[in-house]
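These notes concern the structure reproduced below.
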Protein chains: 2
Amino acid sequence: MFLSTSHNKIDLKCRVSIPASFRVNLEKLNETLILFKSLQFKCIEGTTSTRMKTYIDAIDELDALSDEAFLLRMMMADSFEIKFDINGRVVIPDPLMNFAGLSDKAVFMGIGGSFYIWSPTEYENQYMKSQEILKEKGPPKLILKKN
Amino acid sequence: MFLSTSHNKIDLKCRVSIPASFRVNLEKLNETLILFKSLQFKCIEGTTSTRMKTYIDAIDELDALSDEAFLLRMMMADSFEIKFDINGRVVIPDPLMNFAGLSDKAVFMGIGGSFYIWSPTEYENQYMKSQEILKEKGPPKLILKKN
DNA sequence: TGGGATAACATGGGTTTTTATGGTAGTCAA
DNA sequence: TTGACTACCATAAAAACCCATGTTATCCCA
């Protein structure tokens, strides 16, 4: 699982250290890392190649002309298979840097099965927003067990 | 898996570099490359010979006289088995150049099991369209399930 | 429990390799 | 013999790789 939040530096070559705990998680699962443009937020999403393959398989099951299939194909086009260097760093592809508005700092946010990479300002905004919703509506009612 | 997007140049001999990651994918699968006219879009589709065989098998499952079978047979007729030169380049056959409206630039778009080759303008149009659909309808339900 | 030793991590920079792309020479067929 | 096609060579730019270093976290023992 990808959990916790950390702030890392992006250098001039667009290299950034993936938090060690995320790396360990990938290694343990024997997975390679995929980065892609989030469909919901102005951020990068990271996940395993296995999860990505399930989406690909889903494309074949859908009506090829449907909007869903169209969006999923575009999502693949905006996805990148990422290699680590010996120190656990990756290079963030240019299209992803631009999309997420990244420059010299990245915020890694583990959300379980995947993680987000935000620019510090965008992260702040989203965090504030979550706090406001929490104040207004109270905590979410989690359904932990389905019948 | 064919993932990510890249913009490559087509020279006067209609040669173009296939993105390295696509080539690696083909080599890893021990596959040869097939290019053919997309049935849905004004672009070239590239895939493995194995995947192409599944299309062929699909024809046999259909009513031999149906319009679908007719279309699929036409698709086969416009397919080309492509060889690489030593630098990982291919020559795009004339009929495909014309069909996709290609001249001096090609956009390679990986969509999982296969990839598209677009003219830059056509690619832009499709990308815009996907962003509009995303804004209107939101992300596919499949994506929302994963966290 | 304090504090030094050790390991793990994040980050910087240089070197080598790969990739994309332009060009040339050889080959075959009309 | 000319034109199209293929195989091969050259090069600049980009990416991958490797080594070095400061900083933080962990361990171990007195």
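Just so it is clear, the values below take in all heavy atoms, side chains as well, and ignore hydrogens, waters and symmetry mates.
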Lys13(B) NZ to dG26(C) P, straight-line distance once rounded to whole Å: 14 Å
Closest to side chain of Ser17(B), choosing from dA20(C), dG12(C), dG23(C): dA20(C)
Sugar-phosphate, base or nothing in reach of Asn87(A), heavy atoms under 4.0 Å: base
Lys9(B) vs dG22(C): side-chain N/O to OP1/OP2 distance below 4.0 Å: yes
Common cluster, Met52(B)/Leu39(B), ILVMFWY with side-chain heavy-atom separation under 4.5 Å: yes
Atom pair distance, as rounded to whole Å: CG in Asp85(A) and P in dT15(C): 18 Å
Asp60(A) and Arg51(B) ion-paired at < 4.0 Å: yes
Protein-nucleotide distance (His7(B), atom NE2; dT19(C), atom C1'), rounded to Å: 17 Å
d(CG, Asn8(A); P, dA8(C)) in whole Å: 19 Å
Sugar-phosphate only, base, or nothing, as touched by Ile18(A) at under 4.0 Å among non-hydrogen atoms: sugar-phosphate
Whole-Å distance separating the CD1 atom of Ile10(A) from the C1' atom of dA10(C): 14 Å
Ser21(B) and Glu81(A) side chains, donor-acceptor separation under 3.5 Å: no
Out of dC9(C), dG12(C), dG23(C), whichever nucleotide has its closest atom nearest the side chain of Arg15(B): dG23(C)
Residue closer to the 5' end of DNA chain C, Ala20(A) versus Asp11(A) (nearest nucleotide): Ala20(A)
Chain A contact limits on DNA chain D, taken 5' to 3' with a cut-off of 4.0 angstrom to heavy atoms: dC17(D) to dA20(D)
Separation of dT11(C) C1' from Ile86(A) CD1 (nearest whole Å): 15 Å
Proximity of Phe41(B) and Trp118(B) rings by center, below 6.0 Å: yes
Phe22(B) CZ - dT19(C) C1' separation (whole Å): 14 Å
Distance under 6.0 Å and angle within 45° of ring axis: Lys129(B) vs Phe70(A): yes
Check: Arg89(B) main-chain N/O paired with Asn87(B) side-chain donor or acceptor under 3.5 Å: no
Salt-bridge contact Lys137(B)-Asp67(A) (side-chain N to carboxylate O under 4.0 Å): yes
